[in-house]
Amino acid sequence: MGWFSKKEAPPKVPSEMSPIESVTYLCTAIQISDGQIDNEEKNIWLELVTELFPEFSEKRANTFFSEAQLSLNSKNNTEKKELVVELIERIKELLNAEQINLLGRKITDLVEADGMVMSGEVEIVQLIEEHLNIKIKYDLEI
């Protein structure tokens, strides 16, 4: 009966994600937290993965970006928050201190990219600060 139906891939589990996948999902969560993704935000994410993972495949990274959007958009707010915490914990396992500091700096750029800092972005930043033990500085008045 399911011969012609397209089989969906099982949802990604953060504990099985690669470093670039984890970072992409986290950045995507920040980007969609205000209801839209603009080009500036996507460019900042691309700069981040380029700096963190110089050998990355842009095609593969874009696949992760698309998967992250689908996954996050299919979740309610509680599920999104739980996923973000799992992603942050995965990132803590995979990245070294220097990479985590770079991530923090780029998250500042990501949050400020569209000219306004939304409450959803602030909530994710607070989770990142708490779980990664870093301070992310951003301007609420932009």
Side-chain angles (χ1 to χ4, degrees), residues 2 4-142:
F4 299 105
S5 64
K6 185 176 180 179
K7 186 176 179 180
E8 289 188 31
K12 297 282 182 162
V13 179
S15 63
E16 298 173 358
M17 289 183 182
S18 67
I20 190 172
E21 203 169 4
S22 301
V23 168
T24 297
Y25 270 65
L26 181 62
C27 290
T28 304
I30 294 168
Q31 292 176 58
I32 68 169
S33 68
D34 64 1
Q36 64 182 8
I37 297 174
D38 66 26
N39 283 335
E40 183 66 25
E41 290 173 326
K42 190 167 181 190
N43 289 338
I44 291 167
W45 159 74
L46 196 53
E47 288 172 15
L48 172 62
V49 295
T50 301
E51 287 183 51
L52 284 175
F53 317 108
E55 303 292 322
F56 85 107
S57 156
E58 190 169 341
K59 181 179 178 185
R60 186 167 174 241
N62 279 315
T63 298
F64 294 148
F65 183 74
S66 295
E67 289 171 359
Q69 289 177 67
L70 290 171
S71 174
L72 288 157
N73 284 326
S74 72
K75 298 184 180 328
N76 65 39
N77 287 338
T78 301
E79 293 169 329
K80 284 179 190 174
K81 184 176 179 179
E82 290 169 358
L83 178 61
V84 166
V85 170
E86 290 176 30
L87 290 166
I88 295 166
E89 291 300 320
R90 181 65 174 162
I91 288 168
K92 189 172 14 176
E93 293 173 13
L94 296 171
L95 301 185
N96 63 37
E98 183 180 319
Q99 291 171 314
I100 288 173
N101 286 328
L102 173 61
L103 175 64
R105 289 190 306 275
K106 286 295 186 180
I107 286 174
T108 296
D109 296 341
L110 191 59
V111 168
E112 294 179 341
D114 60 3
M116 24 182 195
V117 179
M118 304 299 286
S119 61
E121 294 168 320
V122 171
E123 185 177 327
I124 294 173
V125 166
Q126 289 170 340
L127 289 171
I128 294 167
E129 289 177 326
E130 177 185 335
H131 290 272
L132 291 181
N133 199 28
I134 60 173
K135 182 69 181 149
I136 299 171
K137 298 177 182 166
Y138 52 90
D139 186 358
L140 284 171
E141 302 296 320
I142 58 171

Using atom types as modelled, flag every donor-acceptor pair under 3.5 Å from a side chain in residues 123-130 to any protein atom, sequence neighbours excluded.
{"unit_1": "Glu129", "atom_1": "OE2", "unit_2": "Lys135", "atom_2": "NZ", "d": "3.4"}
{"unit_1": "Glu129", "atom_1": "OE2", "unit_2": "Ile136", "atom_2": "N", "d": "2.8"}

For residues 84-94, please give each side-chain donor-acceptor pair under 3.5 Å, one per line with the distance, not counting sequence neighbours.
{"unit_1": "Glu89", "atom_1": "OE1", "unit_2": "Lys92", "atom_2": "NZ", "d": "3.3"}
{"unit_1": "Glu89", "atom_1": "OE2", "unit_2": "His131", "atom_2": "ND1", "d": "2.8"}
{"unit_1": "Arg90", "atom_1": "NE", "unit_2": "Pro14", "atom_2": "O", "d": "3.2"}
{"unit_1": "Arg90", "atom_1": "NE", "unit_2": "Met17", "atom_2": "O", "d": "2.9"}
{"unit_1": "Arg90", "atom_1": "NH1", "unit_2": "Ser15", "atom_2": "O", "d": "3.3"}
{"unit_1": "Arg90", "atom_1": "NH1", "unit_2": "Glu93", "atom_2": "OE1", "d": "3.1"}
{"unit_1": "Arg90", "atom_1": "NH2", "unit_2": "Met17", "atom_2": "O", "d": "2.8"}
{"unit_1": "Lys92", "atom_1": "NZ", "unit_2": "His131", "atom_2": "O", "d": "3.1"}

Evaluate the criterion side chain to side chain contact (heavy atoms under 4.5 Å, CB included) for residue pair Ser74 and Gln69; output intermediate values, then yes/no.
CA-CA 8 Å; Ser74 72; Gln69 289 177 67; over 6 Å; no
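Here the shortest heavy-atom pairing between Ile134 and Gly104 reads CD1-CA, 3.9 Å. The minimum heavy-atom distance linking Glu112 with Asp139 is given by the pair OE2-N, 2.5 Å. Pairing each heavy atom of Ser33 with each of Gly120, the nearest pair is OG-C, 3.7 Å. When all heavy atoms are compared, the tightest approach of Leu72 to Tyr25 is CD1-O, 3.8 Å. When all heavy atoms of Leu102 and Leu52 are compared, the pair lying nearest together is CD2-CD2, 3.6 Å. Smallest separation of non-hydrogen atoms from Leu48 and Cys27: CD2-SG, 3.6 Å.
Sorted by first and then second residue, the ring-ring contact (aromatic ring centres under 6.0 Å, His included) pairs involving residues 97-127 (not counting sequence neighbours) form an empty list. Residue pairs that meet the ring-ring contact (aromatic ring centres under 6.0 Å, His included) test with at least one member in residues 102-126, sequence neighbours left out, do not exist here.
With sequence neighbours left out, the side chain to side chain donor-acceptor pair (under 3.5 Å) criterion links Glu121 to no other residue. Scanning for side chain to side chain donor-acceptor pair (under 3.5 Å) contacts around Thr24 gives Trp45, with sequence neighbours left out.
The distance from the CD atom of Glu40 to the CG atom of Asn43 is 6.0 Å, given to the nearest 0.5 Å. With rounding to the nearest 0.5 Å, the separation of OH in Tyr138 from OG1 in Thr108 is 9.0 Å. Here CD of Glu98 is found 12.5 Å from CG of Leu103. Values are rounded to the nearest 0.5 Å. Atom OG1 of Thr78 and atom NZ of Lys81 lie 8.0 Å apart (nearest 0.5 Å). The OG1 atom of Thr50 sits 11.5 Å away from atom CD of Glu55, with the distance rounded to the nearest 0.5 Å. Atom CZ of Phe56 and atom OG of Ser18 lie 12.5 Å apart (nearest 0.5 Å).
Other residues, nucleotides and ligands contribute over 12 non-hydrogen atoms within 6.0 Å of the CG atom of Asn73.
Salt-bridge formation is detected for the pair Lys106/Glu51: a Lys NZ or Arg NE/NH1/NH2 atom is positioned less than 4.0 Å from an Asp or Glu carboxylate oxygen.
Side chains of Asn76 and Glu82 form no contact here, defined as non-hydrogen atoms less than 4.5 Å apart. Contact annotation: the side chain of Lys42 approaches that of Asn62 to within less than 4.5 Å [non-hydrogen atoms, C-beta and beyond]. You'll find the side chain of Val23 stays beyond 4.5 Å of the side chain of Glu21, heavy atoms only.
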